[in-house]
Amino acid sequence: MAKDIGISRRGLLCVAATGAAAIALASRASAANAEACFNPDALPAAQKSLRRSLGFQLASPDPARKCGGCAFFTAKPEGCGSCALLSGGPVTAASVCNSWAKRG
Ligand code: SF4
């Protein structure tokens, strides 16, 4: 028999809504950060193609694997940077791709 742990359905919905709001805010913050660094929609076709082939993600889902900790990243102000594998194309420190390599 399930044990009553004292959490109401309303409480669970509140926790779920708070989590969803936090995720939405984090996503918006990443988008805002990217906008401060570059406009992904305005990148040349070659950059967009290269990013697709490398599985580039504007916001890394893994805190341990971000452009900011990658050997190919060159930091610039405001959490921005460039990537040697992307021919020096702009990225953010919070982005990532499938070729991430830990900076030595
Ligand atoms: S190789 Fe990938 S993870 Fe590394 S800086 Fe470039 S885009 Fe970021």
Side-chain angles (χ1 to χ4, degrees):
M1 178 179 235
K3 198 173 187 180
D4 182 9
I5 57 174
I7 297 175
S8 69
R9 179 180 288 176
R10 178 180 286 182
L12 285 174
L13 287 174
C14 185
V15 168
T18 302
I23 289 170
L25 280 175
S27 175
R28 209 174 300 153
S30 293
N33 187 26
E35 286 169 14
C37 298
F38 65 100
N39 179 355
D41 296 331
L43 290 171
Q47 272 290 319
K48 290 179 181 175
S49 175
L50 191 51
R51 284 159 199 260
R52 268 193 304 276
S53 68
L54 292 177
F56 180 79
Q57 297 179 70
L58 206 45
S60 174
D62 183 350
R65 295 168 68 97
K66 295 182 177 183
C67 290
C70 177
F72 299 107
F73 181 76
T74 299
K76 295 183 177 175
E78 314 265 333
C80 302
S82 61
C83 169
L85 279 191
L86 292 174
S87 303
V91 296
T92 77
S95 302
V96 74
C97 82
N98 295 335
S99 293
W100 183 88
K102 186 175 180 168
R103 184 180 300 146

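For reference, positions follow the sequence shown, starting with 1. Keep in mind it's a predicted model, so treat the numbers as computed, not measured. Atoms within each ligand, like the ligands themselves, are counted from 1 in listed order.
- V91 pairs in a side chain to side chain contact (heavy atoms under 4.5 Å, CB included) with only one of the listed residues (V96, L86, L58), which is L86.
- Going from atom SG of C83 over to atom CZ of R51 covers 8.0 Å, rounded to the nearest 0.5 Å.
- Between L85 atom CG and N98 atom CG the span is 11.5 Å, to the nearest 0.5 Å.
- With rounding to the nearest 0.5 angstrom, the CD atom of Q57 is 14.0 Å from the CH2 atom of W100.
- Atom 4 (Fe) of ligand 1 has C70 SG as its protein N, O or S neighbours under 2.8 Å.
- The closest donor-acceptor contact from the side chain of S60 to the backbone of D62 lies under 3.5 Å.
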Quiz: residues 63-77 side-chain donor-acceptor pairs under 3.5 angstrom, not counting sequence neighbours:
none

